[in-house]
Amino acid sequence: MTISRWIVLSVCLVIPGVTRAQDGLSKIDTTLAFEKNGTAELVVVAGSVRVTTWDRSAIRVHVTTTGTARFDLDASRARVTVDGARAESGTVICEMTVPAAARVRVNSTAAPVTMTGVTGLADLQTVTGAIDVTGTPQRIEIETVSGKVRVAGGPGDVHVSSVSGNMDVEAATGAVNLESVSGSIRVLNARTARLNVTTVSGAVTYDGNLDPHGRYDIESHSGAVTLALPDKTAASIGVETFSGQVRASHPGAVRRAEASATEHTSYRYVVGGGDAKVNVDTFSGRVEITAR
Amino acid sequence: MMNRANRASDDRPDDATHDATSNAVGDALLAYFDATPDERDGEAPSHDLWPAIESRLSPAVLPFGARRTTRRFPAWTSLLLAASVLVAATAGVTYTATMYRARAAQQREMASVTPPTASVADPDAGTMNAMTRGGIPVVEVANRNPQDGSPDVYDREIASLQETLRDKRSQLKPETVQTIEDNLKIIDDAIRNTRAALAKDPASKLLAKQLERTRAKKVALLRTAALLPASA
C-alpha cells in the first residue's frame, strides 16, 4: 500500500463525511440531506429553539436573529450544528425539522426549548429556559437550573435534573428518574414500572398506575410526597420519616406493623395484593397516600 | 518329489561345458559394467531420473520469496481489517484500563467516605489549604475521617467546587447566582437539621442515608454551577 492510500484511508476513517461550515450568519433557511439517525446540535444563549420532525432523510434549518446576534453552521450528512453561543446580545430563533429518529442535543441559556415527535435520543440543557417535550424519545436527558420542564408521553426513559425548576412528566411508561433541589416534581397519568425521585425541599406527586412488578423509590428531605393511586392498586408501600406526618386516605390501604423499625419512623401499608414495591423516605416531609 | 530331483540332475551339463559358459558370462558382465552409458547402445535412459527420485526422497522446499499471484481481497482490505482489529483491541484495553481505574477510584472514595455521625464537623468551617495540581484547584480540608484519618470525600469535593464557584461568580448573572445561593442554603439547612437529629439518634440509618444524600446533592449542585457557561 502506498503512502497516499494510507492518507486517504486515514482521512476516511477520521472524517465520516464532508463538512460544510459557515460562520457569522444572521439568518438561514435551508434543507440539507441528513441521515435518519444523524445528530442535530443547537447552542443558543437567548431566543428560542423549536425542533419538529418529518419522515425524510433531510434536515431543515431555519434560523433568524435579532440585534447583533450571529451564529455558525456546521453541516454534514451525519451532524448539523447551529452554534449561537457567541451571541452576546440579541436573540437567535432556531427552528429545525429533523428525521424522527435523529439525535437532538440542545444547550440553551435562557431560550425556551420545544421539541415534538423525536423518537431518537434527546439531550436538552438550559439554565433558565423552559423545556417542553412532546412525543416518544427513546431516551431523554434534561438538565436545567431554574427552567420549567414538561415531558409528555413516551415509552422511552426520562431523566430530568433541576435545581429549582418545576417539572411535570406526563403519561410516561419507560423508566423515570427525576432529581431536584427545590423544584416541584409531578409525575402524572404515569404507567411506568421504574421510578426514582430525589429532592430536598420540592414537593413530589405521583399520580398514576403502579405496575405489579414495578419499583418506585421517592426520597425527600422536607418536600411533601403525595401518592395518588387507583382504587384497584396492588402495592406494598414502605414509608420512613423522621418527623414527617404520614396519612393514608386510600380506601384500600392497610397499615402493617414493621417488626424491625421503630414505631415513629417506619410505616408499611399494603394496598390490594401488594405486588408493586414503593419506598418513600423523608426527613420532615409529609407523606400522603390517597386515591386518584 | 524324488522324480523331479532325479530329472534335474539328469539335465545338468558336464563340468567342462559349465566352466566355459561361466567364464564367457563373467567376461561379458565385466565389460558391461566397465562401459559408459553412451557405449552401451540403447541401454542409457532417455533422461536423468535422479531429480525425480530425489524430489520424492527429500522434503519439499518452497522457493524463497515466492508470491501468490492471485488474492481473494486487495492488500488494503487486509490492512484495513488488521487496523480495525488493532483499533478495537486498543480501545478495549483502554476502556478496560479506564474502567478499572474508575472503579478503583470509586472504591477508594467509598472507603474514605466518613460515616455520617453527629461529630462530623461542618465542612464550611474547615481549614482549607488551596493548591493547584495540573491547573485544577485542589483544596485539602482539615476535616478528617475519624476512622482512618483520610480527608472526607464530600468535604474535599465541596470545598474544591466552592473555590471554583467563587472564581466564577462574577461571570454569572445575578439572578443565577441568587438561585444557586438560595438552593445551597436550602441544602445547608437540610444538612444542619439532619446532623442535629443524628446527634440525638446516632444509630438511625434513615438519618444517615438522608445526610449522605443531601451532601451528595450539594456536590451535584456545586458541580452544576461550576459547569455553567459564562453569562448564564
Side-chain angles (χ1 to χ4, degrees), chain A residues 1-2 5-6 8-10 12-13 43-46 85-89 107-110 125-129 143-147 161-165 179-183 198-202 219-223 239-244 260-262 264-266 279 281-285, chain B residues 74-84 86-87 172-173 175-198 200-201 203-225 227-232:
Chain A
M1 179 180 282
T2 61
R5 277 189 180 178
W6 272 110
V8 170
L9 180 61
S10 304
C12 290
L13 286 172
V43 183
V44 177
V45 177
R86 288 184 294 150
E88 293 178 357
S89 62
N107 194 323
S108 155
T109 302
Q125 295 183 5
T126 71
V127 178
T128 59
E143 193 172 344
T144 183
V145 174
S146 58
S161 172
S162 85
V163 176
S164 61
E179 304 171 51
S180 182
V181 176
S182 60
T198 62
T199 181
V200 179
S201 64
E219 297 161 1
S220 165
H221 180 82
S222 56
V239 179
E240 281 196 85
T241 180
F242 178 72
S243 60
S260 60
T262 54
H264 70 284
T265 62
S266 184
N279 289 301
D281 286 2
T282 78
F283 177 81
S284 58
Chain B
W76 66 266
T77 310
S78 305
L79 284 170
L80 181 59
L81 283 171
S84 304
L86 182 63
V87 168
L172 300 175
K173 287 182 177 175
E175 52 266 38
T176 304
V177 172
Q178 191 63 49
T179 300
I180 299 295
E181 288 187 345
D182 288 349
N183 283 274
L184 280 172
K185 185 176 181 309
I186 289 170
I187 290 174
D188 286 339
D189 287 347
I191 290 172
R192 195 174 304 111
N193 291 338
T194 310
R195 280 198 169 117
L198 206 48
K200 295 175 184 171
D201 186 4
S204 171
K205 289 181 183 175
L206 170 68
L207 294 174
K209 270 198 300 184
Q210 285 274 343
L211 180 61
E212 186 174 340
R213 277 188 215 130
T214 313
R215 296 178 79 197
K217 210 74 160 176
K218 183 171 182 178
V219 171
L221 172 56
L222 287 167
R223 198 174 286 157
T224 298
L227 292 173
L228 285 174
S231 77

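So that the names make sense, note that chain A is the first sequence line, chain B the second, and so on, each numbered from 1. Side-chain atoms are counted along with the backbone in the values below, which use heavy atoms only and exclude waters and symmetry mates.
Separating the OG atom in A/S164 from the CD atom in B/Q178 is a distance of 11.0 Å, to the nearest 0.5 Å. Annotation: the span from B/K185 atom NZ to A/S182 atom OG amounts to 12.5 Å, rounded to 0.5 Å. Taken from NZ in B/K209 to CG in A/D281, the straight-line distance is 4.0 Å, to the nearest 0.5 Å. Taking CZ of A/F283 as the start and CD1 of B/I191 as the end, the distance is 12.0 Å to the nearest 0.5 Å.
Proximity to chain A (any heavy atom under 4.5 Å) is shown, for B/D182, by neither the backbone nor the side chain. With a 4.5 Å cut-off on non-hydrogen atoms, A/T198 touches chain B through its backbone and its side chain both. Only the side chain of A/V127 comes within contact range of chain B, with heavy atoms under 4.5 Å apart. Using a 4.5 Å cut-off between heavy atoms, A/S284 makes no contact with chain B at all. Contact of B/I186 with chain A is made through backbone and side chain together, with heavy-atom distances under 4.5 Å. Contacts between A/S180 and chain B at a heavy-atom distance below 4.5 Å involve the backbone alone (N, CA, C, O). Within the 4.5 angstrom heavy-atom criterion, atoms from both the backbone and the side chain of B/T194 approach chain A.
Considering every non-hydrogen atom in both B/T224 and A/E143, the closest pair reads OG1-OE2, 3.8 Å. When all heavy atoms of B/L206 and A/F242 are compared, the closest pair comes out as CD2-N, 3.5 Å. For the pair B/A232 and A/T109, the tightest heavy-atom approach, listed with the atom from each and the gap, is CA-CG2, 3.6 Å.
Two residues are said to be in side-chain contact when any heavy atoms from C-beta on lie closer than 4.5 Å; A/E179 and B/K217 meet this criterion. Residues B/K173 and A/T128 have side chains not in contact (no heavy-atom distance under 4.5 Å, counting atoms from C-beta outward).
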